[in-house]
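Just so it is clear, the model here is predicted, and its values are computed rather than measured. Both counts, for ligands and for their atoms, begin at 1 and track the order of listing. Start at 1 with the first residue, then count along the sequence.
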Amino acid sequence: MTPAANPSLETHETALRLAQGIRKLAYNIWWTWNPRAQDLFKALSEEAWITSNHNAIAVIKALSTDELVATLYSKKIQTLARRVIDEFESYLEDENTWGAKHCPGFAQHPVAYFSAEFGMHESLPVYSGGLGILSGDHIKSASDLGIPFIGITLFYRNGYFQQHINGEGWQEESYPALDPHHLPVELVTDANGQPVVCKIRLTQSDITYHAWRLQVGRCTLYMLDTLRPENDLHWREITARVYGGDQTTRVCQELMMGVGGVRLLRALGIDPGVYHMNEGHSAFLLLELMREHVKAGVPLEKARELVREKAVFTTHTPVPAGHDRFSADLLHHLIPHWPEDLGLTMEQFMDLGRVRPGDTHEPFCMTVLALRHARHANAVSELNGRVSREMWRELYGATRQEDVPIGHITNAVHVQGWMNRVTYEFWEQNLGAEWRKHLKQADFWEKVADPRVLSDEAIWSLRFRLKRQMIEAIRVRLRDQMLRIGTPVSRHYQHVLMPDALTIGFSRRFATYKRATLLFGDIDRAAALLNDPRRPVQVIFAGKAHPRDDNGKQLIQKLWQIANDPRFLGKVIFLENYDIQVARYLISGCDVWLNNPRRPLEASGTSGMKIAVHGGLNLSILDGWWREAYDGTNGFAIGEDRHAPDVEQQDAEDMQNLYRVLEQELIPMYYDRDGMKIPRQWIRRIRRAMVTLIPRFNTDRMVAEYAEKYYGAIPSEE
Ligand SMILES: *Cc1c(COP(=O)(O)O)cnc(C)c1O
């Protein structure tokens, strides 16, 4: 009897094959942007899925092969598994990608993208904020577009901190250890199965490191790790935490990433065509590339030119103090041999990172090093470009900012990665299964303007489903939060937040310039605004302050106090431990996304871009991306396209403008209902937001723009 003729055996073989497929799938975080793949892992072990913070590896480690195969005998699970694996395989095998058409030659010389943080999923907390989220979204879209692309970062074993708010409303931090064996990463090994180990010299010591590989769809992210037995204890700690430790740790981390990253690529036989530095943290890679040329006998000036041909640099930081600067003493202590390797004196070496060469008081600035040696440099929004050009005018000896060669590419988000299942299915139903392939096509999204394609009722229904999902998730988290700090959980907490009330979200890092408490600048006015019984409003806050930023922590405490004020109880919520998972709930459930930074300090901002596909609307200062996106019909603006020169005046004006737009425009519009209780005007704005924002502020557009302008891809015709 042939196997095919035995239905039982056939079932068994199918299950075996699928089980293998599932294991492979777990090690490729493509599943983080496919809700059906997540359903599959959840169906295999709901407990492992939830307790591990949605980690597919935890799920497959929880099931023995026998159990996994037996589970796959179920028709229902088998159908789901087959569908997901088919989708995954056709994704990997697709030869008809944007990159295949526009990026010939990249396969031999891929883009190497260096970033100090990559925010990709809640189970991998190796990012601190927007910069990391941007890197994560960049590599995901590079994969979707089919661009040969490699990411380089550090493997932070203790990651970024988990936030707890204590009984006084004060932020406390903990750093759980990440175990690579329970993450979707694999040790990078050579042909003999031995770990690839590289070396870097710091002070007089040779530090060794290995790397972990994370598969991101078609792309690979390498994460460098100094936790090796032969390293002294303090060297093992270099890669422990995101932006951890003091200046010395910081230089070591940056040397590790820049120099160490290039050496790893060499050890793997990879010869990138482009080195893209996301912020100045990785700019030491330029020195390593120079050193390679000098060692091969190329004169330094020529070496610098050769390096420049391959380097691309993105700067985000709009204030001078935000750029990394290191003293000559520190660099001399850590890398005493570097000047000589390049044929330079220490002072000449320092000059590579100085605005004014020869000024011995000036420290070594990573941004200057990068700007001097990048063939393209860019900021991350139009206004941020102007600010950056102004800030670096002196470096270029330019009298006008327009003459400084720093361009801009506005940031964006990886839309699918920010969706939950409800939204994903919503778009599949309304625009067809292929919608993801048309993300950056404006004419495709025009359809959404047509109520016959997408009805008001469908949009309104989506809003309520997403809002309830968020509110129920928040109630569970709040209860856990109360139980932990020992506050009695009153019945009240089961009724916190009302699905019918206008819900405003504010979550981001608690840096002071973001002014988290602006809405409460006039507490009585805020109370009146939130407590109108006919037009209730509620606000949800979340966000982490940097562990050393007491001002940021005070803002959190103030919000915590407001949340506990009887006037705001159940209407103002501070949710602890903002991360990608919390973000995913908030950006989908909130009706309005509030952003009120001190202009022009929000380089771009990306969280507001995540809400358009969920039917949320932005209410924001005209800073960063929103200044380019707002057209009067697709959301709300606080103030105008200018700002007062004086910070106090700016804060006062912005507060008045915020109240005014809420009281006079936004809240009335939300509560203006027809006979079916539908706010038609409001929905018209949602529709406009979808049509105008989705095709522009997605990373497919952004990465294609980088590829065409800076990476050397063949430009599209449109
Ligand atoms: C999107 C996101 C950010 C960045 O948001 P901004 O609006 O740029 O401040 C930071 N952290 C998390 C968890 C996010 O999801």
* To do: Enter the distance from His54:NE2 to Trp31:CH2 here, rounded to the nearest 0.5 Å.
  =>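 The distance works out to 9.0 Å.
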
* To do: Write out all pairs satisfying side chain to side chain donor-acceptor pair (under 3.5 Å) with one or both partners inside residues 154-165, taking only residues at least two apart or from two chains.
  =>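 Pairs touching residues 154-165 that pass the test: Arg157-Asp225, Gln162-Asn577, Gln163-Gln171, His164-Ser174.
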
* Asked: Lys514: heavy atom below 4.0 Å from ligand 1, yes or no?
  ->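 A heavy atom of Lys514 does come that close to ligand 1.
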
Taking 4.0 angstrom as the limit and counting only heavy atoms of [X], give me the atoms of ligand 1 inside it, by number and element.
X: Lys610; result: 1 (C), 2 (C), 3 (C), 14 (C), 15 (O)
X: Ala583; result: 15 (O)
X: Arg508; result: 9 (O)
X: Thr606; result: 1 (C), 4 (C), 5 (O), 6 (P), 7 (O), 8 (O)

* Asked: Between Asp700 and Arg436, is there a side-chain N and carboxylate O pair less than 4.0 Å apart?
  ->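 No, no charged N to carboxylate O under 4.0 Å.
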
* Closest approach of Ser141 to Thr699 (non-hydrogen atoms, all atoms of both residues) ->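 Scanning both residues completely, I find the closest heavy atoms to be OG-OG1, 2.7 Å.
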
* Locate the shortest heavy-atom distance separating Leu622 from Trp626; write the atom from each residue and the value. =>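 For Leu622 and Trp626, the tightest heavy-atom pair comes out as CD2-CD1, 3.8 Å.
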
I need the contact type for [X] against ligand 1. Using non-hydrogen atoms and a strict under-4.0 Å cut-off, is it side chain, backbone, both or neither?
X: Val413; value: neither
X: Ser607; value: both
X: Phe506; value: neither

Do [X] and [Y] meet the criterion of a side-chain donor-acceptor pair at a distance under 3.5 Å?
X: Tyr243; Y: Glu117; answer: yes
X: Ser115; Y: Ser135; answer: yes
X: Asp623; Y: His643; answer: no

* **For atom 11 (N) of ligand 1, the protein heavy atom that lies nearest, with its residue and separation** =>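 I find the closest protein heavy atom is Tyr578 CE2, 3.5 Å.
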
* **ligand 1 to Arg509 polar contact by distance, N or O atoms, under 3.5 Å** =>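 The answer is no, given that Arg509 and ligand 1 share no N or O pair closer than 3.5 Å.
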
* Asked: Can you find an N or O of Tyr127 that's nearer than 3.5 Å to an N or O of ligand 1?
  ->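 No.
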
